[in-house]
Amino acid sequence: MKALSAGTLNQPSLAGSFSLGTRIAFGQTRQYPDGAERRFANEVAEGDRWTMRTPNGRTTPIAQIRPLTRGRVARQVEIERERSTICVPELREGRGAFLLFIEGDELYDEMIGAIERAERDICMESYIFAADEVGQRFADALAAKARSGLHVRLHLDAFGAGYRTFHDMGRNLEGAGVRLRWFHSFNLYRPLRYLQRNHRKLLVVDGREAFLGGFNIRRVNSRRLYGKTRQRDTHVRVAGELASLAAILFDRLWHRAAPIPAKAIPDHPTGMEALLVPSYSRHCRQRLACLHAGLIDNARQHVYLTSPYFGPGTVVDTALQNAAKRGVDVRLLVPRRGDPLAAAWATRAAYEPLLAAGVRVYEYLPRQLHAKTSVIDEEWSMIGSANLDYLSLFVNQELILLAHDRTLAEALHVQYRRDVGEAAEVLLSEWQGRGWRAHGLELVGRAGRRLI
């Protein structure tokens, strides 16, 4: 990994220099692993600027700050402590081996074909697996393979897939030999566990090919069944070593307590062109936020993000604003109509500081937007199940593909341009003139952003 903490954090009014790898108290002298003692001052002078020198040699401004109280200093230190743990993997240039899907019908046909070609085992998990025409098609394919003697496992989220509405379909699957498991059914004795959901969408066949992204199993994604108002989403197919890693990550969640093997998220992915990154790694529970912030910090030309919900927290928010301020073309695409409505209110509560920093925000108009993608400098791509919100980045079980592949990045870039062509840009001058009702709804959304 290429750790940003390996750089230098410059702060003029601090007594000496220090690295923010450890939480420290005001005025405290702390012994560091390199043998040096560093003391953190109690106050920060007017107009001081924090900067971080990244591994590529660029000095990035972090914040221009006013005279700070101890509480504000502590929060600024906490932000930088989090940023100091950011790691961006060093991946080799990809060879265009990924297959991108933006239409549900094409994806479902390909997934069913992979299931029918299976020779050994099938692993599948989904947040939503509807008891409709699409769900029945997948259930029939899985059941047929189980009857033929293959090892078939299906891991569904108890909230998203609807434990009760799925009852008849689930009973038929189990009768055919499919092993069905529910993630976090409600337990009266452990009610808080219900807040964490398995939001991943993954199919692994024989450990040789895998599909992941934002598509659930339901008719709302099908143009044939739902028409022009179908949901807009994105998925990707991977093969070879990445498919083997997908099988490892499936097993880890299937067995709940099983640790992720070192090879699943290698510290030094030499020779690899992509990684599959779960939200809960053996390193930390903030891996997805760290990856986004690290890549945005290193962006030189553009950062194009698509997310159905937005409220990623301070680290990613700060990275986006800093990138826009230094001249990077930063754009955020979100839906005009939120589902639920409170999610849209929470998303809009984040607009003003982004717009003021120079981030361009677009609201997608023609249909419901459910894609979760990032493309940076036409080199780096992220596709997966994770929204840019608190639940996905810090609570739920998620899985994304991180790829250093120009062919995939170019395809995502082209699709992004199409999507923006069907969106309305939010302008700062107009946004600042919105009414008190809009302000009130944003306050409601902001208050509930950790729950929706």
Side-chain angles (χ1 to χ4, degrees), residues 96-130 134-157 161 169-170 172-174 176-181 183 198-218 221-222 233-255 258 260-261 263-264 272-278 383-385 397-401 403 408:
F98 305 103
L99 186 58
L100 188 66
F101 297 92
I102 59 171
E103 287 291 347
D105 292 326
E106 296 174 5
L107 170 67
Y108 296 151
D109 289 346
E110 193 71 25
M111 291 173 69
I112 292 293
I115 292 172
E116 292 174 344
R117 293 190 299 271
E119 299 176 352
R120 187 178 70 251
D121 56 70
I122 300 169
C123 308
M124 187 173 185
E125 57 188 1
S126 186
Y127 178 65
I128 296 175
F129 195 115
V134 173
Q136 189 62 57
R137 186 183 176 197
F138 275 88
D140 291 343
L142 294 172
K145 282 299 180 179
R147 291 191 192 97
S148 70
L150 271 65
H151 186 210
V152 181
R153 290 179 290 172
L154 179 61
H155 199 181
L156 300 179
D157 185 80
M169 186 176 287
N172 292 336
L173 284 167
E174 291 179 312
V178 175
R179 294 186 63 190
L180 176 61
R181 183 163 293 177
F183 183 84
N198 179 12
H199 197 238
R200 305 185 339 182
K201 296 90 177 171
L202 176 67
L203 170 66
V204 187
V205 177
D206 291 340
R208 66 168 183 250
E209 61 180 322
F211 301 80
L212 69 150
F215 277 95
N216 286 293
I217 305 302
R218 54 178 176 174
N221 294 118
S222 169
D233 218 326
T234 304
H235 228 70
V236 66
R237 176 190 178 273
V238 302
E241 185 177 7
L242 288 175
S244 299
L245 295 181
I248 291 172
L249 296 174
F250 177 92
D251 281 337
R252 180 259 175 185
L253 195 57
W254 179 268
H255 295 296
I260 298 178
K263 66 178 182 178
M272 299 184 67
E273 61 191 43
L275 287 176
L276 296 182
V277 186
I383 304 171
S385 63
Q397 296 288 345
E398 307 282 0
L399 185 63
I400 69 165
L401 169 73
L408 179 60

Any side-chain heavy atom of [X] within less than 4.5 Å of one from [Y]?
X	Y	value
Leu245	Val238	no
Leu100	Ile383	yes
Val134	Asn221	no
Arg208	Glu119	yes

Find the distance between [atom1] ([X]) and [atom2] ([Y]) and round it off to the nearest 0.5 Å.
X	Y	atom1	atom2	result
Leu253	Glu125	CG	CD	5.5 Å
Ile122	Phe250	CD1	CZ	11.0 Å
Ile248	Leu276	CD1	CG	10.0 Å

Item checked: By side chain to side chain contact (heavy atoms under 4.5 Å, CB included) - contacts of Glu110 (at least two apart) -> Phe101, Arg117, Phe211

Next item on the list: Output all residues satisfying side chain to side chain contact (heavy atoms under 4.5 Å, CB included) with Ala247, sequence neighbours left out; order by chain, then residue number.
Entry: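 For Ala247 the side chain to side chain contact (heavy atoms under 4.5 Å, CB included) partners, ignoring immediate neighbours, are Val204.
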
Margin query: With side-chain contact (heavy atoms from CB on, under 4.5 Å) as the criterion, how do Leu154 and Phe129 come out once you've worked through the C-alpha distance, each side chain's angles and the decisive distance to 0.1 Å?
Written below: CA-CA 10 Å; Leu154 179 61; Phe129 195 115; 4.1 Å; yes

Note to self: Leu107 vs Asp233, test: side-chain contact (heavy atoms from CB on, under 4.5 Å). Steps then yes/no.
What the structure shows: CA-CA 11 Å; Leu107 170 67; Asp233 218 326; over 6 Å; no

What pair of heavy atoms forms the shortest contact from [X] to [Y], and how long is it?
X	Y	result
Ala141	Ile112	CB-CD1, 4.0 Å
Arg200	Pro278	NH1-CB, 4.2 Å
Ala114	Glu209	CB-OE2, 3.6 Å
Phe138	Ile217	CD1-CG2, 3.7 Å

Next item on the list: Tell me, with the steps shown, if Met111 and Arg137 meet side-chain contact (heavy atoms from CB on, under 4.5 Å).
Entry: CA-CA 11 Å; Met111 291 173 69; Arg137 186 183 176 197; over 6 Å; no

Note to self: Test your reading of the model: is there a side-chain donor-acceptor pair from His199 to the backbone of Ser385, 3.5 Å cut-off?
What the structure shows: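 Such a contact is found between His199 side chain and Ser385 backbone.
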
Next item on the list: Give the intermediate values and the outcome of side-chain contact (heavy atoms from CB on, under 4.5 Å) for residues Arg252 and Gln397.
Entry: CA-CA 11 Å; Arg252 180 259 175 185; Gln397 296 288 345; 3.5 Å; yes

